[in-house]
Structure formats: structure tokens, C-alpha cells
There are 2 protein chains.
Amino acid sequence: MTSALCEQFGIDFPLFAFSHCRDVVAAVTNAGGFGVLGATAYTPEQLDRELSWIDEQVNGKPYGADIIVPAKFEGKGEKDVTAQKLADRIPQQYRDFINELLAAHDIEPEPKPKLGGTSLSGDTGKELLEVAMSHPIKLIANALGVPPDYMLEAGREHGVPVAALVGAREHAVKQVRAGVDLIIAQGTEAGGHTGEVTTMVLIPEVIEAIEAEGANVPVLAAGGIVTGRQMAAAVAMGAAGAWTGSVWLTTEEAETAPYTVQKLLAASSRDTIRSAGRTGKPSRQLKSAWTEAWLPSDGGRQPLPLPLQSMISEPVLRRIDALAAQGHKGAQQLATYFVGQGVGLMNKVKPAREVVREFIEDYLAATERLSNSLPS
Amino acid sequence: MTSALCEQFGIDFPLFAFSHCRDVVAAVTNAGGFGVLGATAYTPEQLDRELSWIDEQVNGKPYGADIIVPAKFEGKGEKDVTAQKLADRIPQQYRDFINELLAAHDIEPEPKPKLGGTSLSGDTGKELLEVAMSHPIKLIANALGVPPDYMLEAGREHGVPVAALVGAREHAVKQVRAGVDLIIAQGTEAGGHTGEVTTMVLIPEVIEAIEAEGANVPVLAAGGIVTGRQMAAAVAMGAAGAWTGSVWLTTEEAETAPYTVQKLLAASSRDTIRSAGRTGKPSRQLKSAWTEAWLPSDGGRQPLPLPLQSMISEPVLRRIDALAAQGHKGAQQLATYFVGQGVGLMNKVKPAREVVREFIEDYLAATERLSNSLPS
């Protein structure tokens, strides 16, 4: 493709691949797309190692990093908010509720369960950003609100475009006014944190809003996109390319556990749900006994705010994943995984390079299909 | 356009317009699209009058009718289920709940509120179908399950293709096996009854599933589509055309009340919600104090099954609409309206003919945009 975005980023095909796995990032970048490493869960030292490894693999080809610094979270703006002080805000009844849920699925509760990190409070965001900027990254992406000033400033200083994920037109306008260089408009069908508006409506809405601002900020389409024909659909609506995540989970390079891969391959588009039961903010994931337990509409419990909900849920979910992989039936009922509705179209494990190739072929076929709909 | 579908239906542009208003149906058909009259709420006599009027306007050009006969509803298969017997199944606490809701919004409850009809139990479906078939309709559409045998047989007998709306891949397969001629795959962003899967995911999923059946049944894309670029996106993904509804509500021809039109023009894509509070099955509509009252997750009440919920809600909602139009503040908070997320892109009242023209222009521009994304 010969779009302005391809020229700007030095890529052959404007397919952006978000992954927590460095192998996927490198493979997509080497195949002519643009890999983006999800960095939030790493320590600064770990991130440095991962990015150094990618640098060795991609031989100067472009890639990016994604660091989530939420604009709002429990404890923001308070002085000396330690993890312990946040932990003290978790009501005992929530710990009891989780222990009962585990017991109901034949899992022994731990007497003193560890709490998860507070990475979603952005407490390591600045350090992670500094590490990322010490590598030749070509994009820094943020989610859950306008990026903090230090991220926008670092981007300008290092000449690295800053991207922001948004799920609503109003948020896109706010981001553009704050000076973001690239908008990722993510529909409700996406895996992970999402809003309510679908990709089909959100893309034209966001593009229209940015035009109305008189701004010239490209929009990547995200949400449900796991094939080239969907990417072509987004470009027909005015998107400059696609931002993808779920489709890489079932690639050969991904570190997804074999049990989870099987669950993803078998899942239909109706097997996901937007649930706040994992991080405290609605995020799309596989439906399971865990997501059911946090559905207030079905008598479940109202989740805690970000990051308290992750602090209690993530360590437990990791234990559940490990047990599920060993064949524990109760754990298999509870296990969930961040993934979008596109999971219904993911039916085979493939190398990431092959996914990129199929995307391109399918994109070309879709372009031809649309052209052929007109009288010649 | 020169698609097989255009040839089959004798139209210039595969834009199908669902409307309860005969003027919209005739205007779209006369502009080169395909108008479809939503017939379920009419008596057989009324429907005959409406279709005769359309016949006079369109001069032989093609149009269709939509008659909803749900596959499942309260009382189905029972002998002698009268409206009164169904009414007896509505618990008193539901009537009380509605009266309290009205009182909380300064609306005097009626001492003996009328009950709505049971049209959604399909009790007049057969008669409506006979009336429709006595006119030169070119399509009959059904929703909420596989069409009853009498509809499929009447279609074959009269040479009228039968279409079915589906919101999930599995439902499309069932419909194709039952012998339906056209699938309308409707994403969750659509107004009215919808499933959970978004248009962007559902279209490729349904097309893939029909191909896997070895069937040759065209798919119309529905859900959120109010512009030509979105229609082009759907065609790029393999759809044969678009089925639209919301966009016609703010046309000059529509009988939408002026107060409602203003509300629709002002609404953003985030102002709709899938709520069962109107018919007992999830349907997308404007968020309001009414839809909130039926959200079990926020302490609201669990709606009754189809058609009991419509029986208690529709007459009240009509009263609310009338009061809202007169400026009653409480009624304005309660008033809702079936509409999809595309409402966020509907910002101006236009003649229906103009909407068709803009669709075509926008479709052409989108096709060019996608073609231009490739190296020449």
C-alpha cells in the first residue's frame, strides 16, 4: 500500500499488531506491518530486555510500545498512596466473595492471597516510558484517557508519534486537542478495555469529529478486526489502517497457554462479554463463571474501582489459569481471557507472518470486490 | 451498481429501507433503492390500504413488506390463548411498578390502563401475509426466528423471496437450512431487536458460515449503517447490500413526531441502549428513565417475556410520547424510541430521496478511497 501512513511509519502495510509477546511484535514488523509491545505489565528492567531483543530481530524496522497510564484511578492525586494503603481500601467482603467463588469451584482459597500490582494506576508509567524512549521505537501508545503531559513531551522531544486509544467521539476530540498524533478508534467488539460504540459506527463518527476540529490526525480502526476484508472495510470508511490485538493470540509465536489457545479457537463471537470484573473498568474477555460472578444484573457483585479490582483479581486469575491448564474442571469454568468478538473468526494456529500475508491477500480481494460492485 | 442482487430485485442500488411509513417506502423505491414496509403493527385492513397507496406511487417498481412472527413467545402452542388470558399472566406488581414510575415523573397513572396488542405473538401474521401477497410485493421479511412454514410456502407459491433477520452465525445457518432466500445479518448496533455481535464481526462470520453450508444465499448487512461509506464497508466484506432503518426516521417523509426527531438529531451513538424493557426481548432504543427502570443491574426490574412486556409497556409509552411532545418534563425523561447507534451520524432532516442520493455518492467515494489505497 502507498498511504501517507505507510510513508510516515516506513511500513508496507498499515496493519498495527498489539501484543504482549516480543516474538509477535518482531514477526509482524519483519513481515511489513508494525508491531507494538504491550509494556504495562513489565518492570522497567524487563521492558529494557524485551525491547533490546526486538531491536536485534528487526534490524532497524519500525515497531512501537504501548504503556497504559489511566487518566482516572483510585488514589490519584493523593500523597503517599502505597500499594498497602490501596490494599486497605479493599473491603473484606470482596476477599470473602472471591474465596467463596473459588470454593464453589473446588479451589482451595489461599490463607493469605497475594495482591496484584498496581500497574494500572500508572505508577511505573514514567519509568517504562524512559526505557522505551531509550530504544529506537517509532510509536508510543496510551489508553484509558488523555496521555499524561510527560508522555506527550517525551514524544515531541524524541520525535516519536504518540497514539491514543479511544472508544467515543468525544474522547477523540479531547485527545486531538491535547496534541495526540494518531487516534486509534476502538469499537466495543475489541478485546480488553472498550466503550459501547461499535467499530462500524465509531470509525466514521471519529473521523467526522476530527475533521470538524480542522485537525489532520490519522485514525486507525480497532475492534473485531482479524481479517483483511474487515481492514479494507475500515479503510473504505476513511481509516488509515487497522490496529489489531486478538488475532495474534493464536499465532505460533504467542505465549498464550495451550489450554487458552484451544478455548480461543473453539469460541464463537458470542462467547465474549464486556465485564468490569477483572480491572474495575469494562473490558471484553471470554465469558466464564468469573465474569458471571461480577454481573450485578444476575445477582453478582459490583466490581471495585481501578486498580483495586485488578489487585484482588489478577493473582487469583493467574492461579485459575494454571489450574485450568492442568485440567482442573472448576478452574476451567472460571478461566477467562481478554479477547474481542473477532475470536469467532479465529479458527487455526498460524505463524504471525502468515497472518500478515493472509491479511494482505484478503484486503486485496475485498478491494476488488468493492470495485467490481460498480458498473465497469 | 450491477450486482446479482440488483438484477434479481430490479433495483439500481442495493439499499433496502425498512420503515413503518409508506411515504418513506415509496420514496426509496422511486429513488432506485428498495423500500420495505414494517407491517406488524397494522390490522389486515390498514395494511391493505397502505400497500394500495404504495402501489399507486411506485408504478410497478419493487418494494417489500416485513411481518414479524416470533418463533418463541409466551402462550405459544397453548390452546385458546386470548389476549385476556395473557393479560392474567401479568403480575400485579408489574402494573404497580409502572404506576410508581409514572408517579415519580409527575404522570398520573390511569385507573384502568389499556393493554397493548399481542401483535408480537404473531397472532395476525397469517392474515397480514395474505394481504401482503395480494399486492405485487417483491420481498417478504421476518425477524425473531425462522419464519413459520406458511410464510415460506406462500413465498414459494407467489415467487416472492423470503428474507430473515439474524444476529448470530448459528441463526443464519438455521435459516438457510429452513430455505430462506435472503439473510439480513444485523449487528448489535441496530435499532430494535438485536443480538450481541457487532456488524463488523457478524457480516464476515455469517458469510463464512453460509459458504460452509454450500449454500448460495446473499447477505444484506444491517446495524449502524446510515451512510454510503458504511454500506461500502459491508460490501467490501462480502455483503450484497445494506438493510437500513434508523436513517429514515429523520427524513421529511417519516411520521416521526417533531419532538422525537429533535431528540434523534441531538443524540450521540452513546445515547442508545439494548433494553428488554419494551418488548421483553433486548432491543436497541434511546436511553431514558424508562430503560433505566428495567435494568436489573442497577436495581431495576427484570422485564416480562414477549409479548407480556409490550402489552403493559406500549400503551404507557404512547401516552408518554404524547405528553413529551406537549413539553411534559417527566415524560421527556421517560420517552424512548427504537433507534440504532447510527443515530450519532444523523444530524439533519432530509428528504428520503436525498438520503438515497447521498448514500450513492458516499458509496462511490468510499470505493475510490479503498482503490486508491493500493499502488497504481
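The chains referred to below are lettered A, B, ... by the order of the sequence lines, with proteins before strands, and numbering in each begins at 1.
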Problem set entry | NZ/A:K281: more than 12 non-hydrogen atoms of other groups inside 6.0 Å |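 No, the 6.0 Å shell around NZ holds no more than 12 heavy atoms from other groups.
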
Exercise. Hey, is NZ on B:K287 packed in by over 12 heavy atoms from elsewhere, all under 6.0 Å?
Worked result: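 It does: B:K287 NZ has more than 12 such atoms within range.
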
Problem set entry | Distance in Å, B:L202 CG paired with A:M200 CE, rounded so as to fall on 0.5 Å steps |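 Those atoms lie 10.0 Å apart.
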
Exercise. How many angstroms lie between CE in B:M231 and CG in A:L370, if you round to the nearest 0.5 Å?
Worked result: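 The CE atom of B:M231 sits 10.0 Å away from the CG atom of A:L370.
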
Would you name the heavy atoms of [X] and [Y] that are closest together and state the gap between them?
{"X": "A:A236", "Y": "B:A366", "value": "O-CB, 3.3 Å"}
{"X": "A:S269", "Y": "B:V201", "value": "CB-CG1, 3.9 Å"}
{"X": "A:N347", "Y": "B:E208", "value": "ND2-OE1, 4.0 Å"}
{"X": "B:Q341", "Y": "A:V197", "value": "OE1-CA, 3.5 Å"}
{"X": "B:V235", "Y": "A:S373", "value": "CG1-CB, 4.1 Å"}

Exercise. So which part of B:I203 gets closer than 4.5 Å to some heavy atom of chain A, the side chain, the backbone, both or neither?
Worked result: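 Interface part for B:I203: neither.
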
For this session: For residues B:T198 and A:T199, determine if any side-chain heavy atom of one lies less than 4.5 Å from a side-chain heavy atom of the other.
Result: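 SC-SC contact between B:T198 and A:T199 ruled out.
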
Problem set entry | Contact leader toward chain A among B:E368, B:R169, B:E170, where contacts are heavy-atom pairs under 4.5 Å |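 Maximum pair count with chain A is reached by B:E170.
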
Which of the residues [options] is involved in the greatest number of heavy-atom pairs with chain B at under 4.5 angstrom?
{"options": "A:G167, A:G340, A:G224, A:P204", "answer": "A:P204"}
{"options": "A:R229, A:Q302, A:E196, A:R270", "answer": "A:R270"}
{"options": "A:G344, A:G300, A:A365", "answer": "A:G344"}

Exercise. By a 4.5 Å heavy-atom criterion (distance strictly below it), what part of A:T188 contacts chain B: side chain, backbone, both, or neither?
Worked result: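 Side chain of A:T188 only, per the 4.5 Å heavy-atom cut-off to chain B.
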
Exercise. Going by residue number, which parts of residues 213-220 of chain A are within reach of chain B, meaning a heavy-atom gap below 4.5 Å?
Worked result: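 Heavy-atom contacts from residues 213-220 of chain A to chain B are absent.
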
